[in-house]
Amino acid sequence: MRIKDFLHSATALNNISVKGWVRTKRDSKKFSFLEINDGSSLKGIQVVVDESVPGYDQLPATSTGASVNITGKLVESPGQGQQWEVHATEFQLLGTCPDDYPLQKKGHSPEFLRSIAHLRPRTNLFGAAFRLRSRISYAVHRFFQEQDFVHVHTPIITASDCEGAGELFRVTTLHGDIDKQSAEKDFFAKKTFLTVSGQLEAETFACGLGNVYTFGPTFRAENSNTTRHAAEFWMIEPEMAFTDLQGDIDMAEKFVQAMVRAALDECGEDLAFFNQFVDKGLLQRLEAVANAPFERMSYEDAVNALKNSGKTFDHPVEFGVNLQSEHERYLTEELLKCPVTVFNYPKEIKPFYMRLNDDNRTVTAMDLLVPGIGELIGGSQREERLDVLIGNMKKHDLNLADYSWYSDLRKYGTVEHAGFGLGFERLLMFLSGIQNIRDVIPFARTPGHAEF
RNA sequence: UCCUGAGUAGCUCAGUGGUAGAGCGGGUGACUGUUAAUCACUAGGUCGUAGGUUCGAAACCUACCUCAGGAGCCA
């Protein structure tokens, strides 16, 4: 049993063992109070160690951060502030914690804790963040598995650039100036990279297994320094055969709502903590998202709404331009005050694989925007017509031979299909209110940073 | 990569041209069924780095480094 179980115990218990780290110690003359946390929950448990307890002589050396093993009994607490406490019958100091331990009893800034990322799992904030991450990771699989989606492990090393998805990390075993050497001499006998998306490979499985999803690491060598970007992040990419854009949007909205519901239902204590210390409006916002339908708006309507907003934007809005952060923020945070899916973007600003609409000027792209984050999901119905796809690839200067396996999906038994990509860390930011992506991933990889 | 801001004690910060400070944390002691305990005492700093201006620089100027926020790119 762990501390979480003791805190929720229905009865007093004899002969229990508590192993964990000391958060704080309060000494009396003849006994000490310890608050012990083992990571199983936000709350720790209070332990009372009387001077008669074997091991009491180790208490002076037991400071904040020390690891301990306590044998004792769980009893109702006579003090205020907790239902249960542990009366030690034996105290064992496992590991001392010298006074240069950087974590104090008081709060620290996330920036400082980032610099000691190896110790931050011991804090309330990051304990909560990474418990949430784990629960939601499980909820992702549960959501898709319960609907008979097949989980596909798409390759990490790839030779294909999923067009337009940012800079790639080169993977090579060559030494010296690699650009001056023939790629044929490299390990894979061609230029290879870390994946920027599993979408193209996922499509091959969707066009065979029906509904599939990927959930794995993704790498972008983009030199971007923002609160929403990491060079290594985890992406969820469902891909569905016999599905059009509407079905894609339906699934995206259903997915986001299910994740919000999972967080509310399964991480209540941690969410309450975020609501108190990170984002006062979090719970209210999540409840609203879980219960109300999302807005949908075509790109053209969005552009018109922005034009008629009466607001002056730093970047002017016109049909044909990408929506800027300020535009997305206005739509989701001011105009609609809820998540909104914008669809049917101009074809010029979107990748080759998106299906051309009958108007011949827009494609079936969709972006799901949420308050506070901006773009959470990007997806589309894929171009299933071979001739149109080939034409697009030519327009985008792609080497048709490199993508023959991809166009084969249209050559042999093509079907309409659609999918989307969702940055897992952005979802966690949305669910926790945590403002910086570096605080929802265990060890952030960003330009100039690969510590730990 | 661009723009803006910030680097002063372990942490959070005050100090805007004239003897480096506070709170918290650490140490010591006292006290108490305590709970971000309380009280007293105490240690702790090449003021990011390098130049420059000045009788005198933590402060003003220049460059660089680091961090943060914003932008672009995107998920």
Side-chain angles (χ1 to χ4, degrees), chain A residues 23-36 43-50 60 63-65 75 77-82 85 87 97-116 123-124 162-167 196-199 214-215 217-237 252 277 313-315 321-329 349-351 367-370 373-379 420-430 435-441 446-449:
Chain A
R23 283 295 180 81
T24 174
K25 181 179 70 160
R26 296 174 291 273
D27 292 320
S28 281
K29 188 155 250 172
K30 297 183 174 178
F31 55 93
S32 289
F33 295 101
L34 299 171
E35 189 191 329
I36 310 297
K43 286 199 179 72
I45 196 157
Q46 173 163 287
V47 175
V48 185
V49 187
D50 189 81
S63 54
T64 299
V75 299
S77 175
Q80 300 293 309
Q82 62 278 318
E85 66 184 24
H87 286 186
C97 193
D99 60 25
D100 60 353
Y101 183 56
L103 294 175
Q104 305 170 3
K105 296 172 194 177
K106 300 232 169 184
H108 288 291
S109 67
E111 292 80 17
F112 171 67
L113 294 171
R114 239 171 259 159
S115 71
I116 51 166
T123 64
N124 287 338
C162 189
E163 198 265 337
E167 299 291 316
V196 293
S197 167
Q199 179 201 316
T214 72
F215 184 7
T218 307
F219 307 88
R220 307 262 169 104
E222 206 63 47
N223 186 13
S224 65
N225 285 286
T226 80
T227 53
R228 301 177 301 284
H229 289 87
E232 176 185 285
F233 64 99
W234 285 63
M235 190 151 67
I236 298 154
E237 295 180 288
F277 292 106
F313 296 104
D314 293 337
H315 302 83
V321 304
N322 262 313
L323 296 184
Q324 306 294 314
S325 287
E326 56 174 344
H327 306 140
E328 297 180 346
R329 295 182 76 94
I349 59 174
K350 289 295 179 182
D367 285 351
L368 199 164
L369 314 175
V370 296
I373 309 288
E375 185 178 342
L376 180 62
I377 286 178
F420 60 83
L422 175 143
F424 185 53
E425 285 76 18
R426 288 193 184 172
L427 174 64
L428 295 175
M429 291 166 73
F430 180 60
Q435 296 284 311
N436 196 308
I437 196 168
R438 289 167 280 217
D439 295 333
V440 295
I441 192 165
T446 54
H449 292 284

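Note on naming: letters A, B, ... go to the chains in the order of the sequence lines (proteins, then strands), and numbering restarts at 1 for each one.
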Exercise. Decide yes or no on side chain to side chain contact (heavy atoms under 4.5 Å, CB included) for A/Arg220 and A/Phe233, but give the supporting numbers first.
Key: CA-CA 8 Å; A/Arg220 307 262 169 104; A/Phe233 64 99; 3.6 Å; yes
Quiz prompt | Length of the line joining A/Leu34:CG and B/A36:C1', which is rounded to integer Å | solution = 16 Å
Self-check item: Heavy-atom side-chain proximity of A/His108 to A/Thr123 below 4.5 angstrom
Solution: no
Exercise. Identify whether any heavy atom of A/Asp100 sits under 4.0 Å from a base atom; if not, whether one sits that close to sugar-phosphate; answer base, sugar-phosphate or nothing.
Key: nothing
Quiz item: After noting the C-alpha distance and the side-chain angles of A/Glu375 and A/Leu323, does the key distance pass the side chain to side chain contact (heavy atoms under 4.5 Å, CB included) rule?
Solution: CA-CA 10 Å; A/Glu375 185 178 342; A/Leu323 296 184; over 6 Å; no
Quiz item: Can A/Ser32 and A/Asp27 be counted as having a side-chain donor-acceptor contact under 3.5 angstrom?
Solution: yes
Quiz item: Which of parallel (below 30°), tilted (30 to 60°) and perpendicular (above 60°) describes A/Phe33 and A/Phe31?
Solution: perpendicular
Quiz item: Is A/Ser224 near enough to B/G72 that one of its side-chain N or O atoms lies under 4.0 angstrom from OP1 or OP2?
Solution: no
Practice problem: Sort out the partner of B/A59 for me: Watson-Crick or G-U wobble, both distances under 3.5 Å, none otherwise. | Solution: none
Exercise. Ignoring backbone atoms, establish whether A/Ser325 has a side-chain N or O less than 4.0 Å from OP1 or OP2 of B/G72.
Key: yes
Practice problem: Send over the distance from A/Phe313 CZ to B/G70 C1', rounded to a whole Å. | Solution: 17 Å
Quiz item: On a whole-Å scale, what distance lies between the C1' atoms belonging to B/G33 and B/U19?
Solution: 48 Å
Quiz item: For B/A14, which nucleotide in any strand shown is its Watson-Crick or wobble partner with both distances under 3.5 Å?
Solution: none
Practice problem: Searching all strands shown, indicate the nucleotide that pairs with B/A71 (Watson-Crick or G-U wobble; both distances under 3.5 Å). | Solution: B/U1
Quiz item: Base, sugar-phosphate alone, or nothing: which one does A/Pro78 contact when heavy atoms must sit under 4.0 Å apart?
Solution: base
Quiz item: Given B/C73, B/G26, B/A75, which nucleotide is nearest the side-chain atoms of A/Arg228?
Solution: B/C73
Quiz item: Roughly how many Å is it from CD in A/Glu167 to C1' in B/U1, rounded to a whole number?
Solution: 12 Å
Self-check item: Nucleotide forming a Watson-Crick or wobble pair with B/A43, both distances under 3.5 Å
Solution: none
Quiz item: Does B/A37 have a Watson-Crick or wobble mate here (both distances under 3.5 Å), and if so which one?
Solution: none
Quiz prompt | Rounded interatomic separation in angstrom, taking CG from A/Leu323 and P from B/A71 | solution = 14 Å
Close N or O pairs between protein and nucleotides 64-67 of chain B (under 3.5 Å):
{"unit_1": "B/C67", "atom_1": "OP1", "unit_2": "A/His449", "atom_2": "NE2", "d": "2.3"}

Self-check item: Spacing between A/Arg23 atom CZ and B/G25 atom P, to the nearest angstrom
Solution: 16 Å
Quiz item: Given that A/Leu103 and A/Ser28 both sit by RNA chain B, which one's nearest nucleotide is further toward the 5' end?
Solution: A/Leu103
Self-check item: Atom pair CG (A/Asp367) and CG (A/Asn322), whose distance is rounded to the nearest 0.5 Å
Solution: 8.5 Å
Quiz item: A/Asp27 has an atom CG; how far is it from atom P of B/U38, in whole Å?
Solution: 14 Å
Quiz item: Which part of the nucleic acid, if any, lies within reach of A/Gly107 when heavy atoms closer than 4.0 Å are counted: base, sugar-phosphate only, or nothing?
Solution: base
Quiz item: Which is true for A/Gly79 with a 4.0 Å heavy-atom rule: it touches a base, it touches only sugar-phosphate, or it touches nothing?
Solution: base
Quiz item: OP1 or OP2 of B/G70 sitting under 4.0 Å from any side-chain N/O of A/Thr227?
Solution: yes
Quiz item: Looking for any heavy atom pair under 4.0 Å, which part of the strands does A/Phe233 touch: base, sugar-phosphate only, or nothing?
Solution: base
Exercise. Under 4.0 Å between any heavy atoms, over every strand shown, what does A/Ile377 touch: base, sugar-phosphate, or nothing? Just pick one.
Key: sugar-phosphate
Quiz item: If the P atom of B/C47 is compared with that of B/A58, how far apart are they to the nearest Å?
Solution: 7 Å
Practice problem: Consider only side-chain N and O atoms of A/His229 and A/Thr226, and report whether a donor and an acceptor are under 3.5 Å apart. | Solution: yes
Quiz item: On a plain distance test, is the side chain of A/Arg220 in donor-acceptor contact with the base of B/A75 below 3.5 Å?
Solution: yes
Self-check item: Rounded distance in Å between the P positions of B/G56 and B/G15
Solution: 26 Å
Quiz item: Is A/Gln104 side chain donor-acceptor paired with the B/G10 base, going by distance under 3.5 Å alone?
Solution: yes
Self-check item: Residues forming a salt bridge (charged side-chain N to carboxylate O under 4.0 Å, His left out) with A/Arg114, sequence neighbours excluded
Solution: A/Asp439
Practice problem: Give a yes/no answer on whether the side chain of A/Gln324 brings an N or O atom under 4.0 Å of OP1 or OP2 in B/G72. | Solution: yes
Quiz item: Taking only N and O in the side chain of A/Lys29, is any of them less than 4.0 Å away from OP1 or OP2 of B/U32?
Solution: no
Quiz item: Using the P atom in both, what is the distance from B/G27 to B/A37, to the nearest Å?
Solution: 14 Å
Quiz item: If the C1' atom of B/G45 is compared with that of B/C13, how far apart are they to the nearest Å?
Solution: 14 Å
Quiz item: Between A/Arg426 and B/A75, is there a side-chain N or O to OP1/OP2 distance below 4.0 Å?
Solution: no
Quiz item: Paired with B/G7: which nucleotide, if any, by Watson-Crick or G-U wobble criteria at under 3.5 Å for both distances?
Solution: B/C65
Self-check item: A/Lys105 side-chain N/O to B/A37 phosphate OP1/OP2 under 4.0 Å
Solution: yes
Quiz item: Expressed in whole Å, how much space separates the C1' atoms belonging to B/U53 and B/G17?
Solution: 12 Å
Practice problem: Spell out yes or no: do the side chain of A/His229 and the base of B/C74 have one donor N/O and one acceptor N/O closer than 3.5 Å? | Solution: yes
Practice problem: Name the residue closer to the 5' end of RNA chain B, choosing between A/Ser109 and A/Glu326 according to the nucleotide with the nearest heavy atom. | Solution: A/Ser109
Exercise. Using a 4.0 Å heavy-atom cut-off across all strands, classify A/Glu232 as base, sugar-phosphate, or nothing.
Key: nothing
Self-check item: Qualifying residue for side-chain contact (heavy atoms from CB on, under 4.5 Å) with A/Met429, from A/Val440, A/Asn436, A/Leu376
Solution: A/Val440
Quiz item: Ring of A/Phe33 versus six-membered ring of B/G33: centres under 5.5 Å and planes under 30°?
Solution: no
Quiz prompt | A/Gln324 atom CD, over 12 foreign heavy atoms within 6.0 Å | solution = yes
Self-check item: Spacing of the P atoms in B/A22 and B/G44 (rounded, Å)
Solution: 13 Å
Quiz item: How close or far is atom C1' of B/G10 from atom CG of A/Leu113, stated in whole angstroms?
Solution: 13 Å
Practice problem: Report the distance from atom CZ of A/Arg329 to atom C1' of B/C74, rounded to the nearest whole Å. | Solution: 16 Å
Practice problem: Sticking with atom P, work out how far B/C67 lies from B/G29, rounded to a whole angstrom. | Solution: 41 Å
Quiz item: Any side-chain N or O of A/Thr24 less than 4.0 Å from the OP1 or OP2 oxygen of B/A37?
Solution: yes
Exercise. Look at A/Asn225 and B/C2 and indicate whether a side-chain polar atom (N or O) is within less than 4.0 Å of OP1 or OP2.
Key: no
Quiz item: What distance separates A/Trp234 CH2 from A/Leu427 CG, expressed to the nearest 0.5 Å?
Solution: 14.5 Å
Exercise. Find out whether A/Arg228 and A/Ser325 are in side-chain contact, i.e. whether some heavy atom of one side chain is under 4.5 Å from a heavy atom of the other.
Key: yes
